[in-house]
Amino acid sequence: RYGDKINCSISCDDNLLDKKQPFAMLLPFIQSSIYFNMTMSEDDLNIDVKVEVIDDRDVKISIIDDGHNMSISELEEKYKFYGDNHEGIDILKSVKSVMKANVRIFGEEYKTIIENNSDGGTIVIMKYPLNFDEGALMRQATSKIVSSLDGFDGSLLACNGQQAVDICKRQDIDIVFMDIMMPVKDGITASKEILEISPKTKIFILSSYNSFELAHHALRNKIEHYII
């Protein structure tokens with residue numbers, strides 16, 4: 001989209017190369033840096049990303065650019081003229097959502113820090129635990145989001161498809177959020193069995209796989225909701 005106007009460098013500690021990393025928490029900040037700098041200036045943009053282990057306990061990600069030095073609130077004020085449906089506003093919402101989620105999931109000590117240099121440029125510093133369980137992380141995040149809604153209780157968690165089926169055998173469940181790739185029993189097979197036990201249960205398949213074949217397979221098994 002911006003041709004060769006963006007120069008990006010990434011450095012990562014060798015011992016992190018085979019570790020799972022929550023890239024979803026990184027991307028909104030990269031997108032924000034690129035979008036706002038490219039729309040407000042014709043200058044080239046340099047972005048440096050550094051991923052490192054600190055205290056043998058946490059992973060620290062630093063994102064440094066040499067563009068504008070406006071805070072989130074200043075950007076919101078600048079772009080509010082365009083309304084809530086503007087691309088820039090959506091990007092800022094994603095950034096704020098990730099910042100809140102990091103604290104909600106990992107704790108206050110993992111609060112994202114954004115520093116705006118007076119002479120230009122922005123530094124974003126975020127952390128997450130070195131040995132986090134990606135599956136547990138997603139379950140906790142989904143549970144907290146659901147439980148925050150009035151009238152909903154998201155406290156029942158399953159580590160695999162068979163556990164989800166067993167829970168639905170023991171209790172009347174209204175809504176199930178199901179990953180498509182799970183150990184013991186995959187999400188589509190588990191969903192099919194749950195619907196046989198409780199046809200009124202609403203099942204939402206959550207997947208990072210943008211696959212027509214998987215979505216079609218889910219629909220053939222009477223799973224109506226497939227979220228990518």
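Once rounded to the nearest 0.5 Å, the distance linking CD1 of Ile188 with CD of Glu193 reads 13.0 Å. One finds the CD1 atom of Ile167 at 7.5 Å from the CG atom of Leu157 (value rounded to the nearest 0.5 Å). Interatomic distance, Ile194 CD1 to Cys168 SG, rounded to the nearest 0.5 Å: 4.0 Å. Atom-to-atom distance recorded for Lys50:NZ and Ile63:CD1 is 14.0 Å, nearest 0.5 angstrom. Taking CD1 of Ile197 as the reference point, atom CG of Asp172 lies at 11.0 Å (rounded to 0.5 Å). With rounding to the nearest 0.5 angstrom, the CG atom of Asp186 is 11.0 Å from the NZ atom of Lys192.
Counting non-hydrogen atoms of neighbouring residues, nucleotides and ligands closer than 6.0 angstrom, the NZ atom of Lys5 exceeds 12 such neighbours. Heavy atoms from other residues, nucleotides or ligands lying under 6.0 Å from CG of Asp4 number 12 at most.
Closest approach of Ala190 to Met178, counting heavy atoms only: CB-CE, 3.9 Å. Shown here for Val98 and Pro28, the closest heavy-atom pair between the two residues is CG2-CG, 3.7 Å. Heavy-atom minimum distance, Gly88 versus Tyr35: CA-CE2, 3.6 Å. When all heavy atoms of Cys12 and Leu17 are compared, the closest pair comes out as SG-CD2, 4.0 Å. Between Ser33 and Asp65, the closest heavy-atom pair is OG-OD2, 2.8 Å. In terms of heavy atoms, Ala164 sits closest to Ala158 at N-CB, 3.5 Å.
In this structure, Leu75 and His68 have side chains that are in contact, with non-hydrogen atoms separated by less than 4.5 Å. Contact annotation: the side chain of Phe152 never approaches that of Asp174 to less than 4.5 Å [non-hydrogen atoms, C-beta and beyond]. Looking only at side-chain heavy atoms (C-beta outward), Leu130 and Asp56 stay at 4.5 Å or farther from each other. At least one side-chain heavy atom of Ile54 sits under 4.5 Å from a side-chain heavy atom of Lys127. Using a 4.5 Å cut-off on side-chain heavy atoms (C-beta onward), Gln31 and Asp90 make no contact.
Considering Asn102, Leu26, Ile61 in turn, Ile61 is the only one that fulfils the side chain to side chain contact (heavy atoms under 4.5 Å, CB included) rule with Tyr128.
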### Query
What do the steps show when you test Val49 against Ile30 for side-chain contact (heavy atoms from CB on, under 4.5 Å), and what is the final call?
CA-CA 9 Å; Val49 180; Ile30 297 293; 3.8 Å; yes
### Task
Just do the side-chain contact (heavy atoms from CB on, under 4.5 Å) check on Ile6 and Met38 with the steps written out, would you?
CA-CA 9 Å; Ile6 299 172; Met38 291 292 96; 4.1 Å; yes
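Checked against ring pair (Phe, Tyr, Trp, His ring centres under 6.0 Å), Phe36 has the following partners two or more places apart in sequence or in another chain: Tyr79.
In this structure a side-chain-to-backbone donor-acceptor pair under 3.5 Å is present from Asp66 to Asn46. The main-chain N or O of Met99 is never found under 3.5 Å from a side-chain atom of Thr112 such that the two would form a donor-acceptor pair. One N or O on the side chain of Asn160 and one on the backbone of Gln162 form a donor-acceptor pair closer than 3.5 Å.
Side-chain contacts under 4.5 Å among hydrophobic residues (ILVMFWY), followed directly or transitively, place Ile125 together with Ile64, Ile113, Ile123.
Neither Ile114 nor Val103 shares a network with the other; the hydrophobic side chains, linked directly or stepwise wherever heavy atoms of I, L, V, M, F, W or Y lie under 4.5 Å apart, form separate groups for each. Linking ILVMFWY side-chain heavy atoms closer than 4.5 Å, directly or via other members, places Val184 and Phe177 in two distinct hydrophobic clusters.
If you check the side chains of Asn69 and Asn117, you find no donor sitting under 3.5 Å from an acceptor.
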